[in-house]
There are 2 protein chains.
Amino acid sequence: MAASHPHAVDALLEGLGRELDRASPLPLYYQIKELLRERIERGELRPHERLPSENELERALGVSRMTARRALAELETEGYVYREQGRGTFVAEPKLRQSLLRLTSFTEDMRARGLRPGARVLDVRVMRDERVAARMGLEPEEAFVRVRRVRLADGQPLALETAYVRAALCPGLEAEDLTDRSLYQTLRERYKLQLGRAEQTLEAGAATEFEAQVLRIPVGQPVLLIERLTFLGDGRTPIEFVRSVYRGDRYKFVVELRR
Amino acid sequence: MAASHPHAVDALLEGLGRELDRASPLPLYYQIKELLRERIERGELRPHERLPSENELERALGVSRMTARRALAELETEGYVYREQGRGTFVAEPKLRQSLLRLTSFTEDMRARGLRPGARVLDVRVMRDERVAARMGLEPEEAFVRVRRVRLADGQPLALETAYVRAALCPGLEAEDLTDRSLYQTLRERYKLQLGRAEQTLEAGAATEFEAQVLRIPVGQPVLLIERLTFLGDGRTPIEFVRSVYRGDRYKFVVELRR
DNA sequence: AGGCCGCCATTGTATAGACAACATACCACG
DNA sequence: CGTGGTATGTTGTCTATACAATGGCGGCCT
């Protein structure tokens, strides 16, 4: 047995057995999955520690092997565990599950990289823009608050960011001071807007004269163009469209892909 | 029946039945999944069209319902279809499939964009590279099969791809013909290597003389540099490191971010 | 000592069947 | 006319079982 001591799995199984609710409308496999996930996230099960086998779950919880199996299989596709034929099921490393599908603000992104985030406001105005509206699937008359900012990392210009936020959803945003402040934080705290998902595209480009001046690089230098269309928690209502131009020599975008 | 005409499903099932190979070492559910996926990607099954039900697959292919079910369930988690209880299984909209944060090969990526993928091999050799080995967390003596290819979209050069695959895990790879073939498919089918996850970075750069020549663009044009470190199904064993240089004017990377 | 073989535990694939939950179409009844 | 019930088809959950493939271990044989 690979666990730290022989009774570790037994104690875990007993706990699971007590919490499993056969009267609940939630499927058994889902309950088992959630119970195991909680223990992994709370750190009760440590990386590379072995989980109960399908057989052990079957006996201890009084479910069929296929039910136990489904719980473990879903934990695997969600990145919480890895499975090896002939060996068992083991807790995955935390970094596998973190950098995955996270929607982060510039501020959070910089902090995660160990840099001090900042923002210098170039201009803020309420306006219309047919192309942006079309891109968001809205009527051409839709009004936006356009915020243009230079984003700083440790005080140095890193990106030029132009955000179009739907004015109808955050009245008075144009009067907020967004210097050195996270737009997402403002949307969340002042307007109680929950962000859900975002569609983001990345491509390479060359700095225009304006971009070069703001970012303090030569015209024509490589830049990373990132466009993001962000939706509210319901997954359908668009809230903002952001176009960012990052210095190519100082910024690298990182994603983790899964099969 | 919601299909265009009553015999559409029958014809599909007959085709599937002929292609299913019970002597193959590949699992039945996997074969069924791949056959259906091919038909979706080739457009033979159009968005929102109904797929055969679990019961129809069971009868027509002579498999159990759980096997048919698993094929459909995996297509769902991969974003190819959506399922509605009481109604059936339907082809998903293309945009839903391509924007998920999935580990895809160039071949799959191009097909999802409706382009014809291709590859022209520049050179293949077995070699060592300390920097690549370090990047993969391996000993400096580790041997790699380095494959340099020009990746084509509809016959036009789109990217220069340099892949370093661990020679120990795929002996004889250097003798394979990788012209117009997916490396991932070869790893999967010839070497039975299951890919798990990948860590990928994207940054902007300018085309070097060599890159410019291969991609048929002027020197210094913007390019998207993508580096990918791919791991096997266990999530820990590195298998390949790929450095790709994409034409900045023709390629856009799409991701969907959550929460 | 070293290598080979077989046993056991574990995950992977596949089958067969049962009942539940849900959607749709149709029909009978008021 | 419409309202509700029923029949049917679909996916969702769950059980029970069998055998295959793999990895680890120990013991046996040479």
Side-chain angles (χ1 to χ4, degrees), chain A residues 1-3 6 9 13 20-34 36 48-77 81-92, chain B residues 1-3 6 9 13 20-34 36 48-77 81-92 188 191-194 196 232-237:
Chain A
M1 193 166 291
V9 169
L13 287 172
L20 205 64
D21 178 11
R22 299 196 82 104
S24 164
L26 293 171
L28 284 173
Y29 76 87
Y30 182 81
Q31 292 186 51
I32 298 170
K33 181 183 99 178
E34 288 304 301
L36 288 171
H48 306 295
E49 187 173 340
R50 224 203 81 195
L51 271 72
S53 74
E54 297 170 0
N55 231 303
E56 288 169 333
L57 286 171
E58 179 179 356
R59 282 199 311 272
L61 305 183
V63 300
S64 77
R65 191 185 149 206
M66 290 304 288
T67 301
R69 182 174 176 68
R70 177 155 181 193
L72 294 175
E74 295 205 353
L75 285 173
E76 183 182 32
T77 67
V81 305
Y82 59 93
R83 318 189 71 193
E84 292 184 19
Q85 184 170 99
R87 297 224 313 128
T89 304
F90 307 87
V91 178
Chain B
M1 194 166 294
V9 169
L13 287 172
L20 206 64
D21 177 12
R22 299 198 80 105
S24 164
L26 293 171
L28 285 173
Y29 77 87
Y30 182 81
Q31 292 186 50
I32 298 171
K33 180 182 99 178
E34 289 303 301
L36 288 171
H48 305 296
E49 189 173 337
R50 222 203 84 196
L51 270 70
S53 73
E54 297 171 0
N55 232 303
E56 288 168 334
L57 286 172
E58 179 178 357
R59 282 200 310 273
L61 304 183
V63 300
S64 75
R65 191 185 149 207
M66 289 306 284
T67 301
R69 181 174 176 70
R70 177 156 179 192
L72 295 175
E74 294 204 355
L75 285 173
E76 183 182 33
T77 66
V81 305
Y82 59 92
R83 317 189 72 195
E84 290 184 19
Q85 185 171 141
R87 298 225 312 128
T89 304
F90 306 87
V91 178
R188 190 171 60 234
Y191 297 98
K192 308 291 180 220
L193 294 173
Q194 284 283 353
L232 290 183
D234 65 3
R236 291 171 315 175
T237 310

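Residue numbering restarts at 1 for every chain, and letters A, B, ... go by the order of the sequence lines.
Put simply, the side chain of A/Arg22 reaches to within 4.5 Å of the side chain of A/Val63, judged on heavy atoms. Side-chain atoms of A/Val81 and A/Leu51, non-hydrogen and from C-beta on, do get closer than 4.5 Å to each other.
One interatomic measurement links the two molecules: CG of A/Leu61 to C1' of D/dC14, which rounds to 14 Å at whole-angstrom precision. At whole-Å resolution of the value, CG in A/Asp21 and P in D/dT13 are 17 Å apart. Atom-to-atom, CZ of B/Arg69 to C1' of D/dC14 comes out at 11 Å; the value is rounded to the nearest Å. In this structure, CE of B/Met66 is placed 11 Å from P of D/dC14, rounded to the nearest angstrom. Between the CZ atom of B/Phe90 and the P atom of D/dT10 there is a distance of 10 Å, given to the nearest Å.
Applying the salt bridge (Lys or Arg N to Asp or Glu O under 4.0 Å) test to every pair with at least one member in residues 60-76 of chain B, sequence neighbours left out, gives these pairs: B/Lys33-B/Glu74, B/Glu54-B/Arg65, B/Glu54-B/Arg69, B/Arg70-B/Glu74. Within the structure, ring-ring contact (aromatic ring centres under 6.0 Å, His included) pairs that include any residue of residues 48-77 of chain A comprise A/His48-A/Tyr82 (at least two apart or interchain). Within the structure, ring-ring contact (aromatic ring centres under 6.0 Å, His included) pairs that include any residue of residues 54-74 of chain A do not occur (at least two apart or interchain).
The minimum heavy-atom distance linking A/Arg83 with A/Thr89 is given by the pair NE-OG1, 3.1 Å. Heavy atoms only, all atoms of each residue included: B/Gln31 and B/Leu26 are closest at NE2-O, 3.0 Å. Across all non-hydrogen atoms, the minimal contact from A/Leu13 to A/Glu56 is CD1-CB, 4.0 Å.
A donor-acceptor pair under 3.5 Å is absent between the side-chain atoms of B/Glu58 and the main chain of B/Ala68, judged by distance alone.
Protein chain B contacts DNA chain C from C/dT13 to C/dT24, reading 5' to 3' and using non-hydrogen atoms of the protein with a distance under 4.0 Å.
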| message | Apply side-chain contact (heavy atoms from CB on, under 4.5 Å) to residues A/Leu57 and A/Leu72 and explain how you reach the verdict. | response | CA-CA 10 Å; A/Leu57 286 171; A/Leu72 294 175; 4.1 Å; yes
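For A/Tyr30, the OH atom counts as loosely surrounded, since its 6.0 Å shell holds 12 or fewer non-hydrogen atoms of other residues, nucleotides or ligands.
Within the 4.0 Å cut-off from OP1 or OP2 of D/dT11, at least one side-chain nitrogen or oxygen of B/Thr89 is found. Using a 4.0 Å cut-off, some side-chain N or O of B/Ser53 falls inside it from OP1 or OP2 of D/dT10.
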Would you list the protein and nucleotides 19-24 of chain D atom pairs, both N or O, that sit under 3.5 Å from each other?
{"from": "D/dT22", "atom 1": "O4'", "to": "A/Gln85", "atom 2": "OE1", "distance (Å)": "2.9"}

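Ranking D/dT11, D/dT13, D/dT15 by closeness to the B/Arg83 side chain, first place goes to D/dT11.
A heavy atom lying under 4.0 Å from DNA chain C marks none of the residues of residues 22-34 of chain A.
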